[in-house]
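Since the structure comes first, as structure tokens, the remarks are kept for the end.
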Amino acid sequence: MNTTTKPKVSVICPTYNQEKYIRESLDGFISQKTDFDLEVIVADDCSTDKTPQIIEEYAKNHPAVIKPVIRKKNIGVGANFKETLQVARGKYIAICEGDDYWTDPEKLQLQADFLDSNPDYALCFHPVKVVFENSEQETSIYPDPQEKIKFTVESLLQKNYIQTNSVMYRRQSYEKMPVDILPIDWYLNLYHAQFGKIGFLDKTMSVYRRHSGGIWWDTHENKDRFWQKNGLAHLAMYKAVLQLYGDNKPHRLLVYKPIAEAMEACIELAVRNDENLLSLIKRFPDLVEGYMLIKYPTIADYNKRQRMHEETVTKLQHSLDSLQQVADLKDHKIRNLETELAEIKNSRAWHAVQKARLAKTKLQRKRK
């Protein structure tokens with residue numbers, strides 16, 4: 001592989017304390033069979049285990065592909081994502097976090113071929129196998145083929161049906177990407193979906209691992225703990241999504257449902273912990289409307305009826321104004337006619353006609 005040329009695909013692999021899993025991720029990268037150059041940027045966020053050493057080992061053995069970024073200070077998952085995306089050079093970007101892995105050596109080739117052949121598509125993805133480390137739940141496929149999801153922006157605004165290690169994007173600018181948000185992949189999917197269609201390759205080519213060290217494990221084990229740790233970042237993500245799609249009313253209304261669910265979880269937790277709700281509302285005022293519309297539909301219905309009533313009154317007032325204009329016009333015409341008639345009656349011709357009529361009447365009476 002020629003290391004002097006610009007890679008066609010950049011693979012982004014953020015890691016943190018994943019020594020138990022990172023080898024499978026790296027093996028999945030170097031096993032890829034492509035007819036183009038690629039780079040794998042493995043960005044470790046100052047792990048305290050042996051993850052950095054394993055990355056450097058693979059980089060030494062595969063210097064043409066593995067590009068290590070070993071941070072000396074922890075900057076957080078969002079900043080690690082953003083900085084790694086910004087240094088990517090490829091036309092296309094694929095993502096796989098250090099605890100997940102790819103199972104098909106043709107994955108990158110198939111996805112790049114799809115985007116090459118379909119320039120109106122901004123991203124494409126495929127199903128993944130979901131595996132629970134503790135084996136408490138059965139292995140499944142995501143997205144569930146039984147759901148028959150339409151892979152559109154509208155569906156994506158309501159639910160993130162694209163798993164992180166299944167997606168490939170056309171590279172965009174990431175300068176304005178927020179770093180205090182979760183889930184990052186949902187935001188990235190919606191961010192890229194602004195620029196084109198969403199493609200789907202119906203072939204399972206990777207594994208998404210659910211384990212106790214993962215960010216999303218608490219959504220399965222302890223939801224209160226999850227919202228306590230990640231609630232504000234979740235709300236910040238919805239705020240960022242509204243900045244992308246909020247000007248489009250149908251899109252804004254679609255995202256209100258997940259906003260309401262997140263707000264509800266954070267509010268209930270704050271009440272139980274006797275925390276200040278006002279500070280939460282002040283921080284995310286643009287999310288309150290969505291929460292209120294979903295949580296209190298009677299208020300929404302009342303407001304809708306009130307708006308309809310006001311619109312009806314406005315329409316009637318316009319009709320009355322139009323009728324008044326017609327009446328005023330008719331009155332004006334009548335006054336003009338009355339003026340013209342008065343002028344005629346005061347004219348010499350009118351008096352001459354009246355005299356002639358009177359003379360004719362007298363002559364007829366004499367003849368009788």
Side-chain angles (χ1 to χ4, degrees), residues 1 3 7 9-32 38-90 93-105 107-108 128-137 139 163-167 179 182-185 188 205-222 225-226 229-230 233:
M1 184 174 293
T3 58
V9 173
S10 294
V11 178
I12 304 302
C13 179
T15 65
Y16 180 72
N17 284 354
Q18 291 162 336
E19 65 176 7
K20 185 177 179 181
Y21 313 111
I22 187 62
R23 289 186 183 276
E24 278 186 290
S25 297
L26 295 169
D27 287 339
F29 303 150
I30 62 177
S31 69
Q32 291 297 299
L38 67 110
E39 63 178 0
V40 179
I41 307 172
V42 188
D44 184 77
D45 195 19
C46 196
S47 291
T48 58
D49 63 4
K50 295 181 180 179
T51 303
Q53 292 91 318
I54 297 172
I55 295 170
E56 289 176 335
E57 172 195 330
Y58 273 76
K60 181 179 179 180
N61 294 331
H62 306 276
V65 178
I66 306 297
K67 310 296 180 184
V69 177
I70 309 299
R71 305 196 189 281
K72 301 304 180 182
K73 180 181 179 181
N74 184 279
I75 62 175
V77 60
N80 193 26
F81 251 102
K82 180 176 181 177
E83 291 192 13
T84 310
L85 284 166
Q86 287 180 301
V87 300
R89 298 178 297 147
I93 291 179
I95 301 176
C96 184
E97 294 174 278
D99 51 355
D100 299 325
Y101 60 99
W102 297 340
T103 57
D104 193 320
K107 168 189 160 66
L108 293 181
V128 303
K129 182 187 291 186
V130 182
V131 176
F132 281 77
E133 186 182 57
N134 61 7
S135 301
E136 287 183 4
Q137 293 193 26
T139 296
Q163 212 287 319
T164 316
N165 69 345
S166 74
V167 73
V179 298
L182 283 175
I184 295 170
D185 60 338
L188 284 172
M205 296 188 281
S206 59
V207 168
Y208 168 50
R209 197 195 312 264
R210 296 292 299 270
H211 61 91
S212 58
I215 293 175
W216 305 105
W217 180 254
D218 284 336
T219 61
H220 168 65
E221 287 290 300
N222 189 327
R225 185 165 58 199
F226 170 82
K229 289 165 54 179
N230 305 306

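Rounding to the nearest 0.5 Å places CG of Leu26 at 6.0 Å from SG of Cys13. For the atom pair Glu83 CD and Ile12 CD1, the distance stands at 12.0 Å (nearest 0.5 Å). For the atom pair OH of Tyr208 and OH of Tyr101, the computed distance is 13.5 Å after rounding to the nearest 0.5 Å. Residue Lys67 holds its NZ atom at 15.0 Å from OG1 of Thr84, rounded to the nearest 0.5 Å. Taking CG of Asp49 as the reference point, atom OH of Tyr16 lies at 8.5 Å (rounded to 0.5 Å).
For the residue pair Ile66 and Ile55, the shortest heavy atom distance occurs at CG2-O, 4.4 Å. Here the closest non-hydrogen pair linking Gly98 and Thr15 is CA-CG2, 3.9 Å. Residues Met205 and Lys107 approach most closely at SD-CA, 3.6 Å, considering heavy atoms. Heavy atoms only, all atoms of each residue included: Ser166 and Gln163 are closest at OG-O, 2.7 Å. The minimum heavy-atom distance linking Val87 with Glu39 is given by the pair O-OE2, 4.4 Å.
Annotation: side chain of Leu188 is in contact with side chain of Leu85 (closest heavy-atom distance under 4.5 Å). Val77 is listed as a side-chain neighbour of Ile184, based on a closest heavy-atom distance under 4.5 Å. A 4.5 Å side-chain heavy-atom check between Asp185 and Val167 finds every atom pair outside the cut-off.
Evaluation of the ring-ring contact (aromatic ring centres under 6.0 Å, His included) rule for Phe29 yields Trp102 as partners, not counting sequence neighbours.
For the side chain to side chain contact (heavy atoms under 4.5 Å, CB included) criterion with Asn165, the lone passing option out of Asp99, Val11, Val128 is Val128. Here the rule is side chain to side chain donor-acceptor pair (under 3.5 Å) with Asp45, and of Asn80, Asn17, Thr51, Asn74 only Asn74 fits it.
Listed by first and then second residue, the salt bridge (Lys or Arg N to Asp or Glu O under 4.0 Å) pairs involving residues 14-29 are Lys20-Glu133, Arg23-Glu57, Glu24-Arg209 (not counting sequence neighbours).
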Test side-chain contact (heavy atoms from CB on, under 4.5 Å) applied to Phe81 and Glu97, step by step: CA-CA 10 Å; Phe81 251 102; Glu97 294 174 278; 4.0 Å; yes
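Checked by atom type and distance alone, the side chain of Ser10 never pairs as donor or acceptor with a backbone atom of Ile93 at under 3.5 Å. Checking side-chain atoms of Asp100 against main-chain N and O of Ser25 turns up no donor-acceptor pair under 3.5 Å.
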